[in-house]
Protein chains: 2
Amino acid sequence: MESKNSLESRLRAAGRRMTPQRKLILSILDQTGDHLDAEEVYRRAKQQNSNLNIATVYRTLSILKDMELIEQRYFARDHNVEYYESVNKGEHYHFTCLGCRKIIEVETPKIVQVQKEFSALTGAKFTHACVCFEGYCANCVNDEENLTL
Amino acid sequence: MESKNSLESRLRAAGRRMTPQRKLILSILDQTGDHLDAEEVYRRAKQQNSNLNIATVYRTLSILKDMELIEQRYFARDHNVEYYESVNKGEHYHFTCLGCRKIIEVETPKIVQVQKEFSALTGAKFTHACVCFEGYCANCVNDEENLTL
DNA sequence: TTGCTATTGCGAATCAATTGCAATAGCTGT
DNA sequence: ACAGCTATTGCAATTGATTCGCAATAGCAA
């Protein structure tokens, strides 16, 4: 967890300024364990600063992503919305339940192994992997089987 | 490779009709080894039938996806465009080079292993995995290192 | 050939995300 | 504390991929 001061100085080092809007958005991202999209961040932030504009949220998320403080994620197959989560979690991937929309985190070294093997084989260098799994969680499997009968 | 007749009958079985537009779009998807998005399918098809509309391309791609004749894919980190490829290839994943935009296919059993392990552990059932890798291919690694210096 | 209805072309609508711009407000140096 | 530079904001308009409504058209089964 970053202290506010070090975060502020990181912003400054990047020639940026600490504004109330950014403080607010940062605090929301810091407090939540969820994966939020821009709309949801906006909705929560707006309750505390009714003047906030959604463009500011998008711009702030983009900056935080550039600074590698948050990670952009996609969930579900037809992923057309970007979600964000704090980076200070270990390497992990996501499973989205199509029944209850719950997101379960998947931890495995195998994805990184794939990258290493492929690099060794081809000489390529990885910068990013987007992995999203989809299906039905244990609770929803039965419901889904009933549906498809 | 499906024969045209069996494809036509599969369409009919689904209560659909074979139209010149669909024939055209199917032939383009059949001939190419590339991964095409709707715009590119449209561009290529339009050369042969200048009356074709892009909405028809989107609708046809959607039908083919529902019939599981083609697979929807995303490439690159900020994937906001859907690409399609024929399904009659083995299980594989994609690496996109950020330098030359080349797409390299990655074959590995490890992704499926991750799914199996997670299923065994949690009881979840997978329906789909979206995996896209990104980085620099062997040819572009050096250029990229020069850029970031 | 007829009739039913799936399909098409067209334009308008969506929806998440981005951008241009003038007004505002951090921050640095004095 | 102040002044000045410029990063940032709010707002409205725009983008870009994709979808949708609808009237006209055209497959296809009888």
Side-chain angles (χ1 to χ4, degrees), chain A residues 4-5 7-26 35-43 45-67 70-84 130, chain B residues 4-5 7-26 35-67 70 72-84 130:
Chain A
K4 277 202 177 105
N5 289 335
L7 178 54
E8 261 188 63
S9 48
R10 285 191 63 177
L11 277 170
R12 299 245 170 76
R16 321 213 86 110
R17 296 169 183 175
M18 179 56 81
T19 65
Q21 290 92 335
R22 285 183 185 165
K23 273 205 186 79
L24 181 52
I25 293 168
L26 280 165
H35 308 85
L36 308 181
D37 64 358
E39 288 286 346
E40 180 61 19
V41 171
Y42 174 63
R43 209 184 56 70
K46 184 123 183 151
Q47 295 174 347
Q48 293 178 250
N49 177 349
S50 61
N51 203 35
L52 183 68
N53 192 276
I54 189 140
T56 301
V57 174
Y58 276 107
R59 281 186 285 231
T60 302
L61 291 174
S62 171
I63 288 166
L64 296 177
K65 185 172 64 167
D66 289 348
M67 292 176 68
I70 59 175
E71 277 264 21
Q72 180 194 55
R73 302 281 189 192
Y74 291 92
F75 301 117
R77 178 173 212 163
D78 297 312
H79 32 56
N80 43 8
V81 179
E82 295 172 8
Y83 290 82
Y84 292 89
C130 166
Chain B
K4 277 203 177 105
N5 290 335
L7 178 53
E8 261 188 63
S9 48
R10 286 191 61 179
L11 277 171
R12 299 244 171 76
R16 323 213 86 109
R17 296 169 183 173
M18 178 56 81
T19 66
Q21 291 92 334
R22 287 184 184 164
K23 272 205 186 79
L24 181 52
I25 292 168
L26 279 165
H35 308 85
L36 308 181
D37 64 358
E39 288 286 347
E40 179 61 18
V41 171
Y42 174 64
R43 210 184 56 69
R44 296 189 188 189
K46 185 126 181 144
Q47 295 174 347
Q48 293 177 250
N49 178 349
S50 60
N51 203 37
L52 183 68
N53 191 277
I54 190 142
T56 302
V57 174
Y58 276 106
R59 282 186 286 231
T60 302
L61 291 174
S62 171
I63 288 166
L64 296 176
K65 184 172 63 166
D66 288 348
M67 293 175 67
I70 58 176
Q72 180 194 55
R73 302 279 189 193
Y74 291 93
F75 301 117
R77 179 173 212 161
D78 298 312
H79 33 58
N80 44 5
V81 179
E82 295 172 7
Y83 290 81
Y84 292 89
C130 167

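All chains are named by letter (A, B, ...) in the order of the sequence lines, taking the proteins before the strands, and each is independently numbered beginning at 1. Atom set for the values below is all heavy atoms of this structure, side chains included, hydrogens, waters and symmetry mates excluded.
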Q) Does A/Asn53 have a side-chain nitrogen or oxygen under 4.0 Å from the phosphate oxygens OP1 or OP2 of D/dC11? A) yes

(Q) Give me the atom names and distance for the closest heavy-atom approach of B/Leu24 to B/Ala45. (A) CD2-O, 3.5 Å

Q) Starting at the 5' end of DNA chain D, which residue's closest nucleotide do you reach first, B/Asp37 or A/Lys46? A) A/Lys46

Q) With the threshold set at 4.0 Å, does a side-chain nitrogen-carboxylate oxygen contact exist between B/Arg44 and B/Glu40? A) yes

Q | Of B/Glu39 and B/Pro20, the one whose closest DNA chain D nucleotide lies more 5' | A | B/Glu39

**Q.** Exercise: identify the closest heavy-atom pair between B/Met18 and B/Leu26
**A.** CE-CD1, 4.1 Å

Q) Does B/Gln21 put a side-chain nitrogen or oxygen below 4.0 Å from OP1 or OP2 of C/dG9? A) yes

Q: Counting heavy atoms from C-beta on, name the nucleotide in C/dC27, C/dC10, D/dT18 closest to the side chain of B/Ala55.
A: C/dC10

Q: Kindly say whether, by distance alone, the side chain of B/Arg17 makes a donor-acceptor pair under 3.5 Å with the base of C/dT5?
A: yes

Q) Within the pair A/Tyr58 and C/dA17, is there a side-chain N or O less than 4.0 Å away from OP1 or OP2? A) yes

Q.
Assuming nearest nucleotide by heavy-atom distance, tell me which of B/Arg16 and A/Ile54 is located more 5' along DNA chain C.
A. B/Arg16

Q: Could you check how far OH of B/Tyr84 sits from C1' of D/dA17, rounded to whole Å?
A: 11 Å

**Q.** d(CG, A/Leu61; C1', D/dT8) in whole Å
**A.** 15 Å

Q: Please determine, by modelled atom types, if B/Gln72 and B/Tyr83 share a side-chain donor-acceptor pair under 3.5 angstrom.
A: no

Q. Considering only side-chain heavy atoms of B/Thr56, which listed nucleotide, D/dT9, D/dG27, C/dG9, is closest?
A. C/dG9

(Q) Side chain of B/Leu52 only, heavy atoms from C-beta on: which candidate in D/dT8, C/dG9, D/dA17 is closest? (A) C/dG9

Q. For the pair made of CD in B/Glu40 and C1' in D/dT18, what is the distance, rounded to whole Å?
A. 17 Å

Q. Hey, does the side chain of B/Thr19 come within less than 4.0 Å of D/dA26's phosphate (OP1/OP2), counting only N and O?
A. no

Q: Looking at every strand, decide which applies to A/Asn51 at a 4.0 Å heavy-atom threshold: base, sugar-phosphate, or nothing.
A: sugar-phosphate

Q) Looking at D/dG10, C/dC27, C/dG11, which one has an atom nearest to any side-chain atom of A/Arg59? A) D/dG10

(Q) As an exercise, state the distance from CG of A/Asn53 to CZ of A/Arg59, rounded to the nearest 0.5 Å. (A) 7.0 Å

